[in-house]
Enquirer: 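Got a structure for you, written out below as structure tokens; questions coming shortly.
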Amino acid sequence: QVQLVESGGGLVQAGGSLRLSCAVSGSTFSINAFGWYRQAPGKQRMLVAGIGEHGSTIYADSVKGRFTISRDNAKNTVSLEMNSLKPEDTGVYYCNRGTYYMSDYYPSRDHWGQGTQVTVSS
């Protein structure tokens with residue numbers, strides 16, 4: 001059974017940085033794709049960044065140039081480095097195991113972490 005555990009969220013001022021991590025177990029990590037999603041209060045969960053098994057990446061337009069997704073196959077972790085944070089980046093960030101195909105990321109319905117809260121104050 002796949003388990004994803006996020007960490008690294010917190011409260012930060014606008015312009016600051018945070019690094020989120022997702023520890024993955026119960027999966028052949030190196031052959032899987034992963035994504036980070038954000039859910040703001042009253043809004044739908046949206047893709048922030050995705051990474052394929054070979055390291056290809058995709059980003060939401062709103063975070064391009066500020067966020068970087070990466071993977072460490074030796075440690076079974078997926079990270080999201082977030083710089084120049086804005087108040088609109090606030091939300092619960094979820095890690096997902098899915099599929100990366102044709103330069104797009106497709107989430108699995110069943111493989112989500114519990115989420116980590118990120119709050120950016122203005």
Side-chain angles (χ1 to χ4, degrees):
Q1 183 176 356
V2 178
Q3 288 189 326
L4 304 101
V5 180
E6 302 95 335
S7 62
L11 173 64
V12 64
Q13 288 188 331
S17 299
L18 281 174
R19 183 179 179 89
L20 306 183
S21 292
C22 175
V24 182
S25 60
S27 166
T28 307
F29 183 88
S30 62
I31 65 171
N32 291 147
F34 297 93
W36 281 99
Y37 283 73
R38 176 175 69 225
Q39 187 161 22
K43 296 187 177 181
Q44 287 190 332
R45 199 172 294 188
M46 61 162 281
L47 177 68
V48 174
I51 187 165
E53 61 186 273
H54 299 299
S56 298
T57 58
I58 182 173
Y59 294 93
D61 287 343
S62 61
V63 308
K64 284 180 181 177
R66 300 189 297 122
F67 290 13
T68 303
I69 188 171
S70 61
R71 62 188 297 155
D72 186 333
N73 289 348
K75 296 182 179 180
N76 286 10
T77 59
V78 184
S79 298
L80 184 69
E81 183 75 31
M82 305 186 295
N83 298 314
S84 302
L85 282 161
K86 304 176 181 180
E88 51 263 44
D89 295 320
T90 294
V92 179
Y93 283 70
Y94 296 92
C95 182
N96 173 269
R97 188 193 81 166
T99 304
Y100 191 95
Y101 179 71
M102 296 294 284
S103 301
D104 207 347
Y105 182 82
Y106 300 88
S108 165
R109 291 182 180 181
D110 299 328
H111 299 130
W112 294 92
Q114 82 289 349
T116 185
Q117 176 71 45
V118 171
T119 303
V120 184
S121 64
S122 56

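No hydrogens, no waters, no symmetry mates; every other heavy atom, side chains included, goes into these values.
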Enquirer: What heavy-atom pair brings Pro87 and Ser122 nearest, and what distance separates the two atoms?
Expert: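 Pro87 and Ser122 have their closest heavy atoms at CG-CB, 3.8 Å.
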Enquirer: Please report the shortest heavy-atom distance between Met46 and Ser62, naming the atom on each side.
Expert: CE-OG, 4.4 Å
Enquirer: Any chance you could measure Leu18, atom CG, to Met82, atom CE, to the nearest 0.5 Å?
Expert: 4.5 Å
Enquirer: Say you draw a straight line from CD1 of Ile51 to OG of Ser79; how long is it, rounded to the nearest 0.5 Å?
Expert: 9.5 Å
Enquirer: Kindly write out the residues that satisfy salt bridge (charged side-chain N to carboxylate O under 4.0 Å, His left out) with Asp61, not counting sequence neighbours, or none if the list is empty.
Expert: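 Once residues adjacent in sequence are excluded, the partners of Asp61 under the salt bridge (charged side-chain N to carboxylate O under 4.0 Å, His left out) criterion are Lys64.
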Enquirer: Using the side-chain contact (heavy atoms from CB on, under 4.5 Å) rule, take Ile58 and Asp104 through it: C-alpha gap first, then chi angles, then the decisive distance, then the call.
Expert: CA-CA 7 Å; Ile58 182 173; Asp104 207 347; 3.6 Å; yes
Enquirer: My understanding is that only residues two or more places apart in sequence, or in another chain, count here; which of them pass side chain to side chain donor-acceptor pair (under 3.5 Å) with Tyr37?
Expert: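 Once residues adjacent in sequence are excluded, Tyr37 has no partner under the side chain to side chain donor-acceptor pair (under 3.5 Å) criterion.
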Enquirer: Measure the spacing between OG1 of Thr116 and CG of Leu80 and express it to the nearest 0.5 Å.
Expert: 11.0 Å
Enquirer: Determine whether a donor-acceptor pair (N or O, by modelled atom type, separation under 3.5 Å) exists between the side chain of Arg71 and the backbone of Ala33.
Expert: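 Side chain of Arg71 to backbone of Ala33, a donor-acceptor pair under 3.5 Å: no, none is there.
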Enquirer: Determine whether a donor-acceptor pair (N or O, by modelled atom type, separation under 3.5 Å) exists between the side chain of Asn76 and the backbone of Ala23.
Expert: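 It does not hold such a pair.
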Enquirer: Any chance you could measure Ser30, atom OG, to Asp72, atom CG, to the nearest 0.5 Å?
Expert: 11.5 Å
Enquirer: Any sub-3.5 Å donor-acceptor pair from Arg38's side-chain atoms to Gly91's backbone N or O?
Expert: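 It does not hold such a pair.
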Enquirer: Ignoring hydrogens, what is the shortest heavy-atom contact between Val118 and Asp89? Give both atom names and the distance.
Expert: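 Looking at all heavy atoms of both residues, the closest pair is CG1-O, 4.4 Å.
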Enquirer: Kindly state each residue pair satisfying ring pair (Phe, Tyr, Trp, His ring centres under 6.0 Å) with at least one member in residues 59-105, sequence neighbours excluded.
Expert: none
Enquirer: Would a 4.5 Å heavy-atom cut-off, applied to side chains only, mark Trp36 and Cys95 as touching?
Expert: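 Side chain of Trp36 against side chain of Cys95, heavy atoms only: contact under 4.5 Å found.
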Enquirer: Applying salt bridge (charged side-chain N to carboxylate O under 4.0 Å, His left out) as the test, list every pair that has at least one member in residues 14-24; sequence neighbours left out.
Expert: Arg19-Glu81
Enquirer: Just one of Arg45, Gln114, Gln117 clears the side-chain contact (heavy atoms from CB on, under 4.5 Å) bar with Val92, so which one?
Expert: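 Checked Arg45, Gln114, Gln117 against Val92; only one passes side-chain contact (heavy atoms from CB on, under 4.5 Å): Gln117.
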Enquirer: CG/Leu20 to CD/Glu6 distance, rounded to the nearest 0.5 angstrom?
Expert: 8.5 Å
Enquirer: With rounding to the nearest 0.5 Å, note down the distance linking OG1 in Thr119 to CG in Leu85.
Expert: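 If I round to the nearest 0.5 Å, the distance is 11.0 Å.
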Enquirer: Apart from Leu11 itself, what residues make up its hydrophobic cluster, given side-chain heavy atom links below 4.5 Å?
Expert: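 None; Leu11 is a cluster of one.
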Enquirer: Is there side-chain contact between Val78 and Phe29, with at least one heavy-atom pair below 4.5 Å?
Expert: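 They are in side-chain contact.
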Enquirer: Can you list the residues that meet the side chain to side chain donor-acceptor pair (under 3.5 Å) rule with Glu88, with sequence neighbours excluded?
Expert: none
